[in-house]
Amino acid sequence: MDAARGIRRLPGLGRTPRRIEPTRRPRIPTASAGGVRARTGGFGVAALGSVGSVRSVRRRMGARESSAMAPPKKVDGDILVKLGQQTLEAISRFTKSIPQQGVWKDVEPGQLAADFAKEPPVEPTEYGQILQKLETTIFPGALSWQHPKFMAYYPSSSSVPAILSETVIASIGSVGLQWKSNPIGTELEVVVMDWVAQFLGIGPAFHHTSGVGGGIIQNTAGEAMLNIMICARTRMHRRLQPDLSWEDAFHQDSSSFVVYISDQAHFSVEKACRLAGLRCRRVAARLEGNFSLQPSDVKEAMEKDRAAGLKPVALVLTYGSTNTSGTDDIAAFKDFAQEDDLWIHVDAAYAGAAWSLDEFKKDSQAVSEVVTSVNMNGSKWFLCGFDSAFLWVRDRQLLLDVFSASGVYMADAGELSIYNPEFKDWSVPLGRRFRALRIWMVFEYFGTSGIRSYIQQAIDQANWLRERIEEEPKGLFEQPVTTKFGLVCVRCPSDEATLGLASRLSELGYGIAPSKICDRDALRIALGSTATTQAHVEQLWKDMLAFVQ
Ligand code: PLP
């Protein structure tokens, strides 16, 4: 504890958290987003101009003291249609304006919040003013993930059915506590989780219809992995001490339990281990090709740990690492589950989408044969929008053993069955959003052929760019890793030039964030925005060449 300032130090990090100051009127900005500092013009400038205009509109119209009629609390179909149309028109204007803007926002933290009153409005605001604020402050303040030049992080592609389904979900307004509290919410989740598994080639053992395995939609991959780590810990205690009471399995000392992950795994895996009270051993992945964990290296790490009195409990493999899209060879770990009694989980948050293509089916087949559980995000490269983090387990009982809980105020769940799986006993939340409706609408609207062609398109665009880089005769660029999905990793011969290229592309309105690969600067060009066409990728290549030549 930093006694003088009364601030607790973060354990192990040796640094003192910055005291958060209340929002002050911000300085005139130089944007900093995703590590890129740039003035983006376009949207950013529009945002700055418009922030002032909203304030004057508000003053002119006296929104806070508005005499707007109190709107009915009950959903009125006529009002919904009228305001819904206006809202959709605003969304349409926003969507059409995206290509004219830059990706990064030219604002600083606190600048946008400063345009909102400190207290909530006492009186109703005219809907027209709400829409105006939407168009002048909210849309301009949102990073343009749907922009054709958005190539940062991984894509998060929304779609017409994903947008509309959110309105339908809100209109039903159900809280999926149990089957009884929203029968269609539960049953549709069972149906779509099996659909997605089938589409990706994740085997029947993981389908609800097996009556043993099954899938559930979570908020995020990180939460899915936390749930899994808790289950892996509890399962191991029960295996080590078969006579443990159900309750006691949760109160055992787990300090000797170790989870093995690649040094390329997403930090959320490490976080999940920490929160579950497990040690996390990061094993170095080998660079050859694109960072892959070697079974022999994992074995060696496990042997060392056993010799030190520790107990291996789980192995998390990555399929599509965040930095470079590297994959661990899932099939190569086939023996680990049997020999070492390990829980094997695969984090395929991004690249699991590729299993829908024949080219990658052998990998989902390996998942079916080898792993205990697997997660994949429908919000990344899958058109389903946020949040749709899919999690499948080979044996649902492993979840039920941890998360089952109830109270007299709940409905009697009755006989559990394929379509009455009592999802509240599969993870932490009781109340669940009707997210399955979004997944269902996306599948119906595009069909598997449409989703597949979208996934293929990102790979085709990435392949085209990879080939140009490879064929470039002067050695102006290099690819530090061999990527195979929609991500292209590229650098210039010097770090200085790479960072210069990053700044130049940012000035040109691209959302491309620099990263580090083997301690050298590199650009991650993540293709997969639905708005990105081949012409955009060709223009990007021209812009890259123009910078270095
Ligand atoms: N795992 C991988 C491979 C990722 O790429 C990411 C995010 O990019 C995550 C996990 C974390 O995802 P979420 O935001 O759903 O927790």
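All values below were derived from every heavy atom in this structure, side-chain atoms included, with hydrogens, water molecules and symmetry-related copies excluded. What you see is a predicted model; the values in this text were computed from it and never measured. Counting convention: from 1, in listed order, for ligands and their atoms alike.
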Hey, can you tell me if [X] and [Y] have their rings parallel, tilted or perpendicular (30° and 60° cut-offs)?
| X | Y | result |
| --- | --- | --- |
| F485 | F360 | tilted |
| F423 | W426 | perpendicular |
| W145 | Y153 | parallel |

Enumerated ligand 1 atoms positioned under 4.0 Å from heavy atoms of [X]:
| X | value |
| --- | --- |
| A349 | 1 (N), 2 (C), 4 (C), 10 (C) |
| T220 | 13 (P), 15 (O), 16 (O) |
| K380 | 6 (C), 7 (C), 8 (O) |
| G320 | 3 (C) |

- [ ] Would you please say whether a donor-acceptor pair under 3.5 Å links the side chains of Q539 and D543?
- [x]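 D543 and Q539 do have a side-chain donor-acceptor pair below 3.5 Å.
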Open item on the list: When you compare the side chains of W179 and E187, does any donor N or O come within less than 3.5 Å of an acceptor on the partner?
Closed with: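 E187 and W179 do have a side-chain donor-acceptor pair below 3.5 Å.
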Task: Interatomic spacing from OG in S364 to OH in Y319 - rounded to 0.5 Å - done: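 Reported to 0.5 Å precision, the distance equals 8.0 Å.
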Report the nearest protein non-hydrogen atom to [atom]: residue, atom name, distance rounded to 0.1 Å.
| atom | answer |
| --- | --- |
| atom 1 (N) of ligand 1 | D347 OD2, 2.6 Å |
| atom 13 (P) of ligand 1 | A221 N, 3.6 Å |
| atom 5 (O) of ligand 1 | T322 OG1, 2.8 Å |

Task: Side chain, backbone, both or neither: E223 near ligand 1, heavy atoms under 4.0 Å - done: neither
- [ ] Please state which part of S268 comes within less than 4.0 Å of ligand 1, counting heavy atoms only: side chain, backbone, both or neither.
- [x]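 Looking at S268 and ligand 1, just side chain atoms fall under 4.0 Å.
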Any nitrogen or oxygen of [X] lying under 3.5 Å from a nitrogen or oxygen in ligand 1? Just yes or no.
| X | result |
| --- | --- |
| Y154 | no |
| N377 | yes |
| G222 | yes |

Open item on the list: Closer than 4.0 angstrom, basic N to acidic O: yes or no for E166 and R433?
Closed with: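 A salt bridge is present here (some side-chain N lies under 4.0 Å from a carboxylate O).
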Open item on the list: Salt bridge check, D387 against R438: does any charged N sit closer than 4.0 Å to a carboxylate O?
Closed with: yes
Task: Atom NZ of K311: over 12 foreign heavy atoms under 6.0 Å - done: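 Count over threshold, so yes.
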TODO: Select the closest option to atom 9 (C) of ligand 1 among H266, Q218, K271, judged by heavy-atom distance.
DONE: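 Shortest heavy-atom distance from atom 9 (C) of ligand 1: H266.
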